[in-house]
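The chains referred to below are lettered A, B, ... by the order of the sequence lines, with proteins before strands, and numbering in each begins at 1. Only heavy atoms go into these numbers, but all of them, side chains included; no hydrogens, no water, no symmetry mates.
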2 protein chains.
Amino acid sequence: MTDERQISKAVIARLPRYYRYLGDLMEEGIERISSNELSARMKVTASQIRQDLNNFGGFGQQGYGYNVRYLYNEIARIIGIDRQHNIIIIGAGNLGQAIANYANFEKRGFMIKGMFDINPRLIGLVVRGVEIRGIDDLEQFIIENEVQIAALTIPKSKAPEIAERLVNAGIKAIWNFAHMDLTVPDDVVVENVHLSDSLMRLSYRVSSMMDERERKEKERLEKEV
Amino acid sequence: MTDERQISKAVIARLPRYYRYLGDLMEEGIERISSNELSARMKVTASQIRQDLNNFGGFGQQGYGYNVRYLYNEIARIIGIDRQHNIIIIGAGNLGQAIANYANFEKRGFMIKGMFDINPRLIGLVVRGVEIRGIDDLEQFIIENEVQIAALTIPKSKAPEIAERLVNAGIKAIWNFAHMDLTVPDDVVVENVHLSDSLMRLSYRVSSMMDERERKEKERLEKEV
DNA sequence: GATTTTTTGTTAAAAATGTTTGACAAGGAT
DNA sequence: ATCCTTGTCAAACATTTTTAACAAAAAATC
């Protein structure tokens, strides 16, 4: 059976949001929810929710809706955060430390096994119980600790070289905060977080909103004349 | 003339990437580039580049291509980073400080005017020449300093309350790092950076890649039998 | 300076992808 | 027995990407 038709990127991109909302519902002590209620909260259509979930199986019950905790756990399983992922952080600056300090990651199976930096002043420091190391023993560390994911919070200039070392050491995925596109083999996943790109999109939207406001203001004034 | 037809989100999302590549080209000292050469570097089609740019006007020259510096500046203008944006950071933890320390933002017209936190231990500290303040005088500060953008790097629990204060004080845009969707009026821009969502997408892709690898391995073994 | 080559700006159409809407049988809840 | 709500499908609609084409402008060549 080659029935495993590809699930669209758009659906996958929505999964974390479902997960987030279900987590919120659990915190509110809500045990069950219908696609309709959830759609109202999330401002998407109920049909989209049902169809999205239907890509992975049937998790609800007719006449009942979805059990919040069950669906929450099922989505965790789909996303793969029910398993443990070992992760290292390359670049122990503010951003690297911010990631290390984000407690929830460990709750979701992302275990920070190590941090690395080239700055001698940082090496030896301990962040959240994790010691910052120099990058000389990077490869060995990855292999010994079965590290699958590397968060890359280093300057662009060093990124390609480090990425290559990571790939050669057998890393499966790079969470890339460096401001560049990495070139890696097909079987290595790269998830980009380009903060400056994000800020530029924000800038565009602010600018065009301001332009529009000005344009409307002008129109209003012209009408008055 | 209401010819200002809406430019698609997809195009806008690509602009920062064009800008990034053009910056790289400038650093390499390359003065001109054709849509064809650029497409090879960026791994998109030349036609898409030409069509994307064409949304905003004609920036190239037939038989010549594009002048790198000129196009770079024009895209900056389109994105709106040729003007100055005043920005504050709410939440002076690691993430807030990481943003404050990211030097390039100021090069691109984003001036960090202030940082705010509720943690008394942080108040008074100076990061990159910017003093961390308590949030009592938030509104006054926004008005006095003509702040347009607020980066929100605070826990989910405080985010809605702060967002409302920001909106009431006249903020035009929120760069939202809190793990929740904010509700704001239509004329306020929210750009979300949900790091945990991003990590989950990564997780999904790693997991499904590993599943696929296993499946293939199985098939291979079955064939051998 | 004439000719050929390059490359843009621009349009249109086709293909691919994603979203919305409506519908309804059937399984449980009430 | 009735109501609710899922799982499921199909069709309509919307958006985005790709492909193709070509006149016109400038560069490069002869």
Worksheet item: If you find the nucleotide of DNA chain C closest to A:Ser8 and the one closest to B:Ser35, which residue's nucleotide is nearer the 5' end?
Response: B:Ser35

Discussion item. Could you check whether B:Arg32 makes a cation-pi contact with B:Tyr64, meaning its NZ or CZ is under 6.0 Å from the centre of the six-membered ring and within 45° of the ring axis?
Written reply: yes

Nearest whole angstrom, please: distance from the [atom2] of [N] to the [atom1] of [X].
{"X": "B:Glu37", "N": "C:dT6", "atom1": "CD", "atom2": "P", "value": "12 Å"}
{"X": "A:Asn54", "N": "D:dA10", "atom1": "CG", "atom2": "C1'", "value": "14 Å"}
{"X": "B:Ile33", "N": "C:dT8", "atom1": "CD1", "atom2": "C1'", "value": "14 Å"}
{"X": "A:Ile49", "N": "D:dT5", "atom1": "CD1", "atom2": "P", "value": "13 Å"}
{"X": "B:Tyr70", "N": "C:dT8", "atom1": "OH", "atom2": "P", "value": "15 Å"}
{"X": "B:Asn36", "N": "C:dT5", "atom1": "CG", "atom2": "P", "value": "17 Å"}
{"X": "A:Tyr66", "N": "D:dC4", "atom1": "OH", "atom2": "C1'", "value": "13 Å"}
{"X": "A:Asn55", "N": "D:dT6", "atom1": "CG", "atom2": "C1'", "value": "15 Å"}

Side chains of [X] and [Y], donor plus acceptor under 3.5 Å:
{"X": "B:Gln48", "Y": "B:Thr45", "value": "no"}
{"X": "A:Ser208", "Y": "A:Glu212", "value": "no"}
{"X": "B:Asn145", "Y": "B:Asn86", "value": "no"}

Output one line per pair: protein atom, nucleotide atom from nucleotides 27-30 of chain D, and distance, for all N/O pairs under 3.5 Å.
unit_1	atom_1	unit_2	atom_2	d
D:dA28	OP1	B:Arg32	NH1	3.3

Ring centres under 6.0 Å, that's the criterion: do [X] and [Y] meet it?
{"X": "B:Tyr102", "Y": "A:His179", "answer": "yes"}
{"X": "A:Tyr19", "Y": "A:Tyr72", "answer": "yes"}
{"X": "A:Tyr18", "Y": "A:Tyr21", "answer": "no"}

Please tabulate the protein-to-nucleotide N/O contacts below 3.5 Å involving nucleotides 20-22 of chain C, giving atom names and distances.
unit_1	atom_1	unit_2	atom_2	d
C:dT21	O4	A:Ser47	OG	3.4
C:dT21	O4	A:Gln51	NE2	2.9

Practice prompt. Between A:Gly57 and B:Asp52, name the one whose nearest nucleotide on DNA chain D is closer to the 5' end.
Written response: A:Gly57

Worksheet item: Quick one: CG on B:Asn176 to NZ on B:Lys156, what's the gap to the nearest 0.5 Å?
Response: 12.0 Å

Discussion item. By nearest atom, which of the nucleotides D:dG7, C:dT19, D:dT5 is closest to the A:Ala10 side chain?
Written reply: C:dT19

Worksheet entry | Close side-chain approach of B:Ile174 to B:Ile149, heavy-atom, < 4.5 Å | no

